[in-house]
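Everything numeric in this text was worked out from a predicted model, so none of it was measured. Here, residue 1 is the first one in the sequence, and each next residue gets the next number. For ligands, and for the atoms within them, numbers begin at 1 and follow the listed sequence.
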Amino acid sequence: MTEQKVAVVTGASRGIGKAIAMELARRGALVIVNYNGSREKAEEVKAQIEAEGNKAEIRQCNVADFKACEEMFQEIISTYGRVDILVNNAGITRDGLLMKMSEEDFDAVVDTNLKGAFNCIRFASRQMLKQRSGRIISLSSVVGVYGNAGQANYAASKAGIIGLTKACAKELASRHITVNAIAPGFIETEMTEVLSEKVKETAKAQIPFGTFGQPEDIAKTAAFLASDDARYITGQVICVDGGM
Ligand SMILES: NC(=O)c1ccc[n+]([C@@H]2O[C@H](COP(=O)([O-])OP(=O)(O)OC[C@H]3O[C@@H](n4cnc5c(N)ncnc54)[C@H](OP(=O)(O)O)[C@@H]3O)[C@@H](O)[C@H]2O)c1
């Protein structure tokens, strides 16, 4: 049991999730660093958080697995007694043109990105309802707002996050649980590293700021939405995209 705020960040072994985990820990939360396959990286994130004098634990769970999510949240709640902040960050891409996209690639992306967020909200919000407070933040994308050729599966999952966010915000508001989404533009992580130079240049040309964003840009926004300062903001989608 802990008096400290408990934050669960899914997919926090690297990239944006790692930056969010580090920022929430700096602002006083005990952070649960969730990962699926990258155990060593998750352990490194925990070590980095502890090196800054803050608290973190790691938990393996495939967010696409409903039962596994239930078990993870049950265990977290029985260990720490609370869940104050949930950040649905875990996400994958399996890009391809519509005519060539397999059923498996569509399902994998929607199951991880959208159903994964539903699964975690489903079990975290049960505890937040008891606490009569909570912060839920999910990672959408500008692609979910505007669409993008070659990403029908990813765009559908990220647009779905927006609908999920708005519906849950309405359901949970009376218990002072806020539910918001962040729609990042192009952020420098392993997810965007794999794109070809040509794709990166085309993307950069669409960004009025002229540069890609950094994971910390998203982390600061998430930390604000998780803070008391954002207590009256719910059901919103905040684009953090350099003006796209
Ligand atoms: N980078 C961008 O430009 C950008 C733009 C818009 C939106 N976003 C969104 O922001 C989020 C983070 O992106 P990123 O660029 O930081 O990605 P990333 O570097 O590829 O990291 C993805 C993270 O998600 C985890 N993950 C993947 N599948 C999982 C599963 N089934 N269960 C639990 N964890 C899982 C990975 O952990 P394991 O390795 O352990 O599986 C990893 O920690 C994603 O939702 C992404 O769609 C990113």
Side-chain angles (χ1 to χ4, degrees), residues 8-23 31-46 48 56 58-69 71-73 86-95 105 107-120 123 137-148 151 153-162 164-165 181-195 199-200 203-204 206-207 209 211-219 221-222 237-242 244:
V8 179
V9 184
T10 69
S13 55
R14 54 193 148 92
I16 294 170
K18 174 184 174 181
I20 294 172
M22 299 214 45
E23 190 61 30
V31 178
I32 310 294
V33 174
N34 160 258
Y35 67 99
N36 186 25
S38 309
R39 186 183 179 90
E40 272 180 31
K41 287 190 173 178
E43 274 168 353
E44 278 167 30
V45 175
K46 172 175 149 74
Q48 280 186 41
I58 63 167
R59 291 291 185 279
Q60 192 281 334
C61 170
N62 173 5
V63 295
D65 183 335
F66 187 78
K67 189 87 194 117
C69 289
E71 285 167 9
M72 177 174 74
F73 280 99
L86 165 66
V87 182
N88 290 307
N89 167 82
I92 58 168
T93 51
R94 296 238 186 131
D95 297 351
D105 283 349
D107 288 348
V109 170
V110 172
D111 283 355
T112 302
N113 299 5
L114 179 57
K115 193 180 152 208
F118 162 73
N119 291 344
C120 294
F123 297 113
I137 299 146
S138 302
L139 273 289
S140 176
S141 166
V142 287
V143 165
V145 180
Y146 303 114
N148 194 26
Q151 289 197 307
N153 49 1
Y154 185 76
S157 73
K158 294 300 181 181
I161 287 279
I162 295 174
L164 179 69
T165 295
I182 300 174
F186 286 86
I187 309 298
E188 276 179 12
T189 67
E190 285 180 31
M191 188 178 268
T192 45
E193 209 174 80
V194 296
L195 300 172
V199 171
K200 283 186 194 167
K204 217 172 256 179
Q206 295 167 17
I207 306 171
F209 240 67
T211 53
F212 289 146
Q214 295 302 315
E216 290 69 28
D217 295 318
I218 308 304
T221 310
V237 183
I238 302 190
C239 291
V240 183
D241 61 3
M244 283 174 80

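In terms of the side chain to side chain donor-acceptor pair (under 3.5 Å) criterion, residue partners of R94 (sequence neighbours excluded) are, by chain and number, D105. Remark: S140 engages no residue in a side chain to side chain donor-acceptor pair (under 3.5 Å) (not counting sequence neighbours).
Using a 4.5 Å heavy-atom cutoff, the side chains of K158 and Q151 are not in contact. At a threshold of 4.5 Å between non-hydrogen side-chain atoms, the residues T165 and V237 do not count as touching.
When atom types are taken as modelled, the side chain of N34 and the backbone of V9 share no donor-acceptor pair closer than 3.5 angstrom.
Within 4.0 Å of ligand 1, contacts by protein heavy atoms are made from G11, A12, S13, R14, G15, I16, N34, Y35, N36, G37, S38, C61, N62, V63, N89, A90, G91, I92, T112, L139, S140, S141, Y154, K158, P184, G185, F186, I187, T189, E190, M191, T192.
Judged as a side chain to side chain donor-acceptor pair (under 3.5 Å), the pairs with a partner in residues 58-68 (not counting sequence neighbours) are, in order, N36-Q60, R59-E75, R59-Y80, K67-E70.
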